[in-house]
There are 4 protein chains.
Amino acid sequence: MSKDPQPIHPRKIEIVHAAVTCFLERGYHQTGVRDIAKQAGVSLGNLYNHFKGKEAVLAFIAEIEGEELSEFIDLLTEPDNPQEALERFIDDYAAYVSRPENALLGVEILTEALRNPMIAEVFGRNRSRLIDAVASCLREGSKSGSFTSYDDERAVACMILDSMEGHGLRSLSKNNIGENAMRTLHAFLLNGLEP
Amino acid sequence: MSKDPQPIHPRKIEIVHAAVTCFLERGYHQTGVRDIAKQAGVSLGNLYNHFKGKEAVLAFIAEIEGEELSEFIDLLTEPDNPQEALERFIDDYAAYVSRPENALLGVEILTEALRNPMIAEVFGRNRSRLIDAVASCLREGSKSGSFTSYDDERAVACMILDSMEGHGLRSLSKNNIGENAMRTLHAFLLNGLEP
Amino acid sequence: MSKDPQPIHPRKIEIVHAAVTCFLERGYHQTGVRDIAKQAGVSLGNLYNHFKGKEAVLAFIAEIEGEELSEFIDLLTEPDNPQEALERFIDDYAAYVSRPENALLGVEILTEALRNPMIAEVFGRNRSRLIDAVASCLREGSKSGSFTSYDDERAVACMILDSMEGHGLRSLSKNNIGENAMRTLHAFLLNGLEP
Amino acid sequence: MSKDPQPIHPRKIEIVHAAVTCFLERGYHQTGVRDIAKQAGVSLGNLYNHFKGKEAVLAFIAEIEGEELSEFIDLLTEPDNPQEALERFIDDYAAYVSRPENALLGVEILTEALRNPMIAEVFGRNRSRLIDAVASCLREGSKSGSFTSYDDERAVACMILDSMEGHGLRSLSKNNIGENAMRTLHAFLLNGLEP
DNA sequence: TATGAATGAGAGTTCATTCAT
DNA sequence: TATGAATGAACTCTCATTCAT
C-alpha cells in the first residue's frame, strides 16, 4: 500500500537510468548486465548490491512506469464530466505512448511479462489499474448518458488502450502513418462511444 | 507475386515447426539454436544447411505467417458487400489472433522487428498488406454508404487490427477478460463505423 | 621417380586452382573445404572424390610448387659457368619469389610443414632438391675458382635462398623496401662469394 | 616510449605463458582458446577478462617478443666499434633465433601478420626497429671504413636477419643442417661486408 | 563422377552471477 | 558500499568429413 518509505540510493537511480538507455537501444535480452553497469559507470559487482539481478532491474522499471500512470488514473477517477475526462485522457495518453521511450519500454515489458512471472506480476498490476480507471470512467459516462452503454466496459477500455499503444508503437518505425492518424483515432473512439 | 519455384525441403519444414514450438514455449531470445535442432530431431550442423542462422528461421516463420494472411486479405478485397466482409473479417481474424500460437508468435515477431532489420522487412511487408486490405474495404464501405467516412482509413484499419490483436494477447494471460469481450469489441467497432 | 603416369582429371586441376586462390586470400587454416568447393564450382562431396581431404589438397599444391623448381635446378646443375649460372639463378628465383602467390603459398606450406608430417614430407623433399642444386653450383664454382670456398656450401645455399625468399615475403607488406633492394642483395651475395 | 604505467595482472602473465606453450605445441590456429585457459589453469570466461580475444593474446606475445629485441637494438645503437657490435649481434641473435620457442613463435607471428592487421601492426613495428638498428650499425661501419658501403643498408640488414632466422627455423626440422652451418653463415656475412 | 544433406565435435565469445577483497 | 576477477554454462556458428542417392 505504502510507497518505499526508505529513500532510494542515488546509485540505484543511476543504474535504472542506464538500464533504460540500454533496453531502449538494444532491447532487454540483447542487453547484458555488464552493459548496464558500464553505462551507469558502476562496477559489475556493485550493481548486484542494488539489484538482485537483471530481471529485478526490469521489474523496477516497470514499477516506475506504473507510477507514471497515476496521473492518468487520477484524471479518470470520479470525474465531474466523464466525456471531457476521457477526451483529455485520450490526448494525454496518446502523447505519452507516442514518446519512443515509453512505447519501446512498454512493449519490452509486455513481452517479458508473457513468460516471466516476476515481470508479469508488476505489469499485470499496473495494467489492471489503468484498465479499471478507464472502464470506470466509461461506466460513469454511460450512467450520465454521455456514452453508449456497453456490457463489458473493461473490454472497451482495453480496446482504447490497445489502439493508442499500437499507434505509439507504429510511430517508431519508418513506415509511418499519417500525422493526423491520431486525430482519426480520437474521432473514431468518440464516435463509437456516442450514444 | 510468384512463390518459391523450387520445392521446400521437407526437413526445412520440420525445423520451422520445431522452431515455432520452441519460440512459443520459451520465446525467441530464450530459445537456442540447439534447442530448435533437438526439437526437430536434426543435427545442429544440418540446421545450418537449411537456414543461414537463427534469425533466418524467424524470418521464414514471419514469411509463412504472411501467407496465412492471404485468406483474410482475399476476404476484404473487392467485396460485394463491404460491411458484411468486414464483419466476417473481424470474426475470423479475432479467432485467428485468439489462438495462442498466433498471438505469441505475432508479438515475438513484432518486437524482434523493432530492432532487427531482416525481420522488420518481412514483418513490415506483411503488415502493410493487411492494413491496406482493411483500409480499402473501409473506403469501399464509405463510398457505398455502409460506413462513416474517415480521413485516414489506414489509421482506422490499424486501430481495428491493434484492438483485436491486443485482445488475442490478453487472452494468453490468466487475468483473463470476460468471454464476451470479443463481442463487445465487435459491437464497438461497428458502432464506430456506423454512418 | 616417375611422374603421374595417369592423366589428371581436369576437375582436380580446377579444384587445385580454386584452393590456391583461397589459400592466398585467406590462408590455409582460414580456408574451409566448402570455400574451395564453392570457388571451384564443385560440390563438396565431389571434392572428396578427387582429394582425400583438405591437407591432401595442400600437399598436391606443394608437389606442383616442387615441379616449378625444376627449371631452377636445371639451371644450376652441371653449369658450364657456375658464376654465370648462379647469377642467372639469383635473378630468376628473385623474380619467382617476388610474385605474391609464390611468396604467400611458400610461407603457408612452410609453416604447415612445421607440424604436419604429410606436408613436411613434400616440402622437405622439394627444399632439399633446391638446396642441393645451389650447393653443388657453389661447389663447382669454388673448384673452378669463381667462388670462395666454404666449408658448408649447403649453409651458404640456404642463406641465399632465405634472403631471397625473405625479400619476396617483405614485398607483400606495405612497409615496402626500396626498389633496388634486390639489386643490393644480389651485390652482397656475389661480394660474399668473391674469392 | 613509456611502457604500461599500470602493473600487469599476474594472471595475465600466466595466460600468456600458457598461450606460448600451446602455440608452440600446436600452432596458433590449431590452438583453441579453451586449450589456453586449461593450460593456464584459468576459467574460460576469466581469460576474456584479461584479453579481448584470442588474437589479443597473440598480439600481446608479439609485444613481449618486441621487448626482447631491445637488448639487441641497444647492442647495435651508437656502437664504439660497429664491426665488433655487428659480430656480437650476429652471434647473440643467432643464439636467440635458434631457440625453438623463438623460431616457432616468430614464424607463427609472421604468418599471422600477413593477414591479420592487429598482429601486423605489432609485428611491423618490432621488425622496423630491429632492421633500423642493424642498418644504422652498417651505416656507421661503412662510414668508419669497417664495412663496404651499400646503397641500401636496410636491404642488407633484412638479408642478415632473414638468413639467421631461416637458419633458426631450419634447426627445428629433422633435416638438420650441419652444426657449423652457423659459423659458415657468420663468415659469409662478414665476408660480404668486408671492404 | 557427382550431389548436397547429414553429422557432431569444436570454434570463439558472451552470459548472469558470485565472491574475496 | 564498492570493486573487478572468477566461474562455467550457454551462446551462435563453422568445421572437416561421410553417406545415400
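Lettering follows sequence order; numbering is per chain, from 1.
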(request) Could you check Lys12(B) against Phe60(B) for side chain to side chain contact (heavy atoms under 4.5 Å, CB included), going step by step and ending with a plain yes or no? (result) CA-CA 10 Å; Lys12(B) 189 164 185 174; Phe60(B) 195 80; 3.7 Å; yes
(request) Evaluate side chain to side chain contact (heavy atoms under 4.5 Å, CB included) for Arg115(A) paired with Glu25(B), printing each intermediate quantity in order. (result) CA-CA 9 Å; Arg115(A) 291 189 188 83; Glu25(B) 251 177 41; over 6 Å; no
(request) Any chance you could encode DNA chain E as dot-bracket? Rule is Watson-Crick or G-U wobble with both distances under 3.5 Å; [ ] for pairs crossing earlier ones, | for another strand. (result) .||||||||||||||||||||
(message) Quick check on DNA chain F: between Glu55(C) and Val42(A), whose nearest nucleotide comes earlier from the 5' end?
(response)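 Closer to the 5' end of DNA chain F: Val42(A).
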(request) Could you say whether Val33(B) or Thr31(C) is positioned toward the 5' end of DNA chain F, judged by the nucleotide with the nearest heavy atom to each? (result)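 Final value for this comparison: Val33(B).
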Do [X] and [Y] come close enough that some side-chain heavy atom pair is under 4.5 Å?
| X | Y | result |
| --- | --- | --- |
| Glu112(A) | His29(B) | no |
| Tyr28(A) | Glu55(A) | yes |
| Leu169(C) | Leu110(D) | yes |
| Asp35(C) | Gln30(C) | no |

Integer-rounded Å distance: [N] [atom2] and [X] [atom1]:
| X | N | atom1 | atom2 | answer |
| --- | --- | --- | --- | --- |
| Arg11(D) | dT7(F) | CZ | P | 7 Å |
| Arg34(A) | dT7(F) | CZ | C1' | 11 Å |
| Leu58(B) | dT12(F) | CG | P | 13 Å |
| Lys54(B) | dA10(F) | NZ | P | 15 Å |
| Asn49(B) | dA16(F) | CG | C1' | 13 Å |
| Tyr28(C) | dC15(F) | OH | P | 13 Å |

(message) By nearest heavy atom, map Gly32(A) and Leu44(B) onto DNA chain E; which one lands nearer the 5' end?
(response)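 Here Leu44(B) is the residue nearer the 5' end.
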(request) Give the C-alpha distance, both sets of side-chain angles, the deciding distance and a yes or no for side-chain hydrogen bond (donor to acceptor under 3.5 Å, both in side chains) between His17(A) and Gln39(A). (result) CA-CA 9 Å; His17(A) 277 163; Gln39(A) 175 78 27; over 6 Å; no
(message) Using OP1 and OP2 only, check whether a side-chain N or O of Tyr48(B) sits under 4.0 Å from dC13(F).
(response)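 Yes, Tyr48(B) has a side-chain N/O under 4.0 Å of OP1/OP2 on dC13(F).
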(message) Need one value for Gly45(B): base, sugar-phosphate or nothing, where a base atom within 4.0 Å counts as base even if backbone is also close, heavy atoms only.
(response)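 Since a base atom lies under 4.0 Å of Gly45(B), the category is base.
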(message) Quick check for you: name the first and last nucleotides of DNA chain E, 5' to 3', having an atom under 4.0 Å from a heavy atom of chain B.
(response)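 It runs dA5(E) to dG10(E).
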(request) Quick one: closest heavy-atom pair of Glu108(A) and Phe23(A), and the distance? (result)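 Result for this residue pair: OE1-O, 4.1 Å.
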(message) Tell me the closest heavy-atom pair linking Val122(A) and Ala59(A), and the distance in Å.
(response)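 In this case the closest contact between Val122(A) and Ala59(A) is CG1-O, 4.1 Å.
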